[in-house]
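Data first, discussion second: the structure below is written as structure tokens.
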Amino acid sequence: MLDIQLLRADIEGVAAKLKARGFSLDVAEFSALEADRKAVQTRTQELQATRNSLSKSIGIAKSRGEDVAPIMTQVAGLGDELKAAEEKLAYIQTRMQELLAGVPNLPHESVPAGKDADENLEVSRWGTPRVFDFEAKDHVDVGAALGLDFEAGAKLSGARFAVMQGGAARLHRALAQFMLDVHTREHGYTEVYVPYMVNADSMFGTGQLPKFEEDLFSTFKNADEKLYLIPTAEVPVTNLARGEILAAESLPRKYVAHTPCFRSEAGSYGRDTRGMIRQHQFDKVELVQIVKPEDSYAAHEELTAHAEKILQLLELPYRKMLLCTGDMGFGSAKTYDLEVWLPAQNTYREISSCSNFEAFQARRMQARYRNEKNKPELVHTLNGSGLAVGRTLVAILENCQNADGSVSIPPVLVPYMGGVEKLGS
RNA sequence: GGAGAGGUGGCAGAGUGGUUGAAUGCACCGGAUUCGAAAUCCGGCAUACAGGUUCUCCUGUAUCGGGGGUUCGAAUCCCCCCCUCUCCGCCA
């Protein structure tokens with residue numbers, strides 16, 4: 001959520017920046033509401049002040065045993081106008097909040113302008129895509145012999161679900177364990193275990209609600225309270241700070257969590273229908289940092305490097321992309337995507353997305369810390385995949401496949417595989 | 001699932017209709033004392049929003065788990081919900 005003060009001070013400037021990311025701000029509606037708000041709020045508060053002081057004098061008069069009837073009639077005269085004013089103010093404020101809640105974050109000045117993914121900027125490449133001396137198969141074909149079973153997933157749950165057995169399942173688990181170990185031991189993150197279902201307040205806090213409800217799975221906790229399945233651990237982990245005033249010394253907070261993620265993938269019909277790339281349920285190891293505002297851009301570089309480190313250790317070629325204004329997520333001020341090389345697709349595919357949200361989520365969550373002046377100030381929040389486990393499995397199956405259909409395990413994973421160096425054949 | 005207790009400021013903990021945004025203690029900040037420190041003393045210390053002002057200041061409004069109600073006036077009374085704790089039952 002943007003600072004409403006910013007919109008009041010310079011709505012045209014804000015609208016221009018939002019336009020760069022393809023969002024059209026309803027300046028007219030906002031301005032009209034703002035004009036109304038100012039008048040109605042001032043009047044409401046005046047009336048409330050009058051009522052309060054009259055009520056107070058009733059108390060005083062009563063304690064002195066004086067007749068309070070004249071004051072009572074005076075205060076009664078306020079009733080109707082006050083009630084009407086309060087109702088109108090509540091309506092205006094609700095409407096403004098709704099409007100504001102749907103406005104995406106402003107892009108950071110270092111973000112290139114662009115319309116869509118085609119205008120993202122390649123920042124760097126690591127590793128060299130392997131040249132195969134045989135026809136490289138895709139992960140579906142490689143995985144079939146190793147226990148990766150999409151038909152079973154479809155039988156149990158439908159499209160976009162998979163079952164893994166034996167070696168594939170073991171490799172999947174090994175990847176998550178490995179990532180957690182690297183981030184906790186070498187990168188200083190605290191491992192957290194969090195709920196996989198969260199309430200609407202949490203979803204609002206990180207920005208999934210109210211705008212993206214159709215992307216979420218949900219269930220009813222009781223007749224009128226919904227619980228949402230997390231689309232990423234970012235939601236429960238970042239919301240740990242919701243409503244808190246953190247001690248400055250406790251920052252930065254660095255969390256890593258391994259969770260399943262659930263996404264309805266509404267609107268992606270026909271895309272990535274084959275294989276594990278786009279599933280309704282997948283595992284991810286997520287990095288979250290909660291930092292002081294002045295540290296967030298350094299933290300963003302650091303967090304991205306932490307995700308890159310996993311790819312490097314696994315010896316998977318990747319490139320780092322700086323997303324342009326038009327391709328960034330709703331709440332992000334700046335995002336790097338890491339894209340891993342997939343030989344069967346002959347291209348790089350997203351395996352991690354690392355974003356700095358600045359105060360956008362913190363404002364929605366009222367997540368603050370005490371600054372040097374001892375005043376509460378909004379923190380900055382960041383997160384990034386470190387990495388998406390399912391897609392990492394895909395990358396290993398494809399990049400490390402052998403002509404005989406087996407898959408060589410990256411050396412760093414061998415200890416996590418009980419010493420197994422090769423799956424299949 | 002049954003029975004009971006409770007949710008108040010960073011923390012602990014008073015407060016059952018009226019100058020209560022809220023006693024007191026701790027923590028924290030400033031000052032005094034001291035060669036310095038501890039102890040002691042004095043003062044300050046919630047958040048959000050609005051208006052004025054552009055001062056790091058004044059005025060106002062809202063906020064005592066959440067929502068609704070009664071009332072001129074609600075932390076305090078009524079209703080609904082959420083959460084925490086204790087005991088019993090059940091259970092991984």
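Quick note on labels: first sequence line is chain A, next is B, and so on, each numbered from 1.
- You'll find that the side chain of A/Ile60 is closest to B/U19, out of B/G73, B/U47, B/U19.
- Residue A/Thr42 places its side chain closer to B/G51 than to any other of B/G51, B/C72, B/U19.
- A side chain to side chain contact (heavy atoms under 4.5 Å, CB included) with A/Leu175 is found for one member of A/Leu314, A/Ile310, A/Leu180 and no other, namely A/Leu314.
- Position along RNA chain B of the nearest nucleotide to A/Lys56 versus A/Gln45 favours A/Lys56 as the more 5'-ward residue.
- Across all strands, A/Gln5 comes closer than 4.0 Å only to sugar-phosphate atoms, never to a base (heavy-atom distances).
- Side-chain atoms of A/Glu358 and A/Tyr297 form a donor-acceptor pair, as typed in the model, at a separation below 3.5 Å.
- Taking atom CG of residue A/Leu82 and atom C1' of nucleotide B/A62, one finds them 13 Å apart after rounding to whole Å.
- Residue-to-nucleotide proximity on RNA chain B shows that, of A/Thr50 and A/Arg64, the 5′-proximal contact is made by A/Arg64.
- In this structure, A/Arg43 reaches neither bases nor backbone, as no heavy-atom distance under 4.0 Å exists between it and the strands shown.
- Between A/His306 and A/His187, the angle of the ring planes stays under 30°, which puts this pair in the parallel group of the 30/60° scheme.
- Separation of the P atoms belonging to B/C57 and B/C72 is 40 Å when rounded to the nearest angstrom.
- Within the nucleic acid shown, A/Leu54 has no heavy atom closer than 4.0 Å to any nucleic acid atom.
- With P as the reference atom, B/U63 and B/U70 are 15 Å apart, rounded to whole Å.
- Taking atom CD of residue A/Glu66 and atom C1' of nucleotide B/G18, one finds them 14 Å apart after rounding to whole Å.
- B/A37 and B/A32 have their C1' atoms separated by 15 Å, with the value rounded to a whole Å.
- Rounded to whole Å, the distance from CD on A/Gln366 to P on B/A46 is 17 Å.
- Regarding contacts with the backbone of B/G73, every side-chain N or O of A/Asn52 stays at 4.0 angstrom or more from both OP1 and OP2.
- Looking at A/Thr304 and A/Lys320, their side chains never bring a donor and an acceptor atom within 3.5 Å of each other.
- Ring centers of A/Phe262 and A/Phe217: at least 6.0 Å apart, outside the cut-off.
- Nucleic acid contact for A/Ala49: sugar-phosphate only, since backbone atoms but no base atoms lie under 4.0 Å from a heavy atom of the residue.
- Between the C1' atoms of B/C45 and B/A27, the separation comes to 11 Å (whole Å).
- Listed in residue order, the members of residues 31-41 of chain A having a heavy atom less than 4.0 Å from RNA chain B are A/Arg37, A/Lys38, A/Gln41.
- When the C1' atom of B/G73 is taken as reference, atom CG of A/Leu47 falls 16 Å away, rounded to whole Å.
- Under 3.5 Å, the side chains of A/Gln361 and A/Thr381 contain a donor-acceptor pair of N or O atoms.
- In this structure, the CD atom of A/Glu46 is 13 Å from the C1' atom of B/G52, given to the nearest Å.
- Residue side chain A/Lys62 reaches the base of B/G18 through a donor-acceptor N/O pair under 3.5 Å, judged by distance alone.
- In RNA chain B, consecutive stretches of 3 or more Watson-Crick or G-U wobble pairs with both distances under 3.5 Å are given as paired ranges: B:1-7 with B:82-88, B:10-12 with B:24-26, B:28-32 with B:40-44, B:46-52 with B:57-63, B:65-69 with B:77-81.
- Between the P atoms of B/G21 and B/U59, the separation comes to 15 Å (whole Å).
- With A/Thr184 contributing its side chain and A/Asp181 its backbone, the two residues share a donor-acceptor pair below 3.5 Å.
- The closest side-chain donor-acceptor pair between A/Ser55 and A/Asn52, if any, does not fall under 3.5 angstrom.
- Rounded to a whole Å, the CD1 atom of A/Ile4 is 13 Å from the C1' atom of B/A48.
- The side chain of A/Gln48 has B/A62 as its nearest neighbour among B/G10, B/C72, B/A62.
- Atom name C1', nucleotides B/A3 and B/A62: the rounded distance is 38 Å, in whole Å.
- Between the CG atom of A/Leu89 and the P atom of B/U63 there is a distance of 13 Å, given to the nearest Å.
- Comparing the C1' positions of B/C29 and B/G10 gives an interatomic distance of 13 Å, to the nearest angstrom.
- Comparing B/U47, B/C72, B/U19 by their nearest atom to the side chain of A/Pro376 picks out B/U47.
- With hydrogens and angles ignored, the 3.5 Å screen pairs no side-chain donor or acceptor of A/Arg37 with any backbone N or O of A/Ile92.
- Checked by atom type, the side-chain pair A/Gln312/A/Tyr318 shows a donor-acceptor distance below 3.5 Å.
- The interatomic distance linking A/Glu86 (CD) with B/C72 (P) rounds to 14 Å, in whole Å.
- B/G60 and B/A22 have their P atoms separated by 12 Å, with the value rounded to a whole Å.
- Here the nucleotide nearest the side chain of A/Arg368, chosen from B/C72, B/U47, B/U61, is B/U47.
- Side-chain N/O atoms of A/Arg51 include none lying less than 4.0 angstrom from OP1 or OP2 on B/U61.
- Aromatic rings from A/Phe360 and A/Phe330 are positioned such that their centres are separated by under 6.0 Å.
- A/Gln289 pairs with exactly one of A/Glu302, A/His300, A/His380 by the side-chain hydrogen bond (donor to acceptor under 3.5 Å, both in side chains) rule, that one being A/Glu302.
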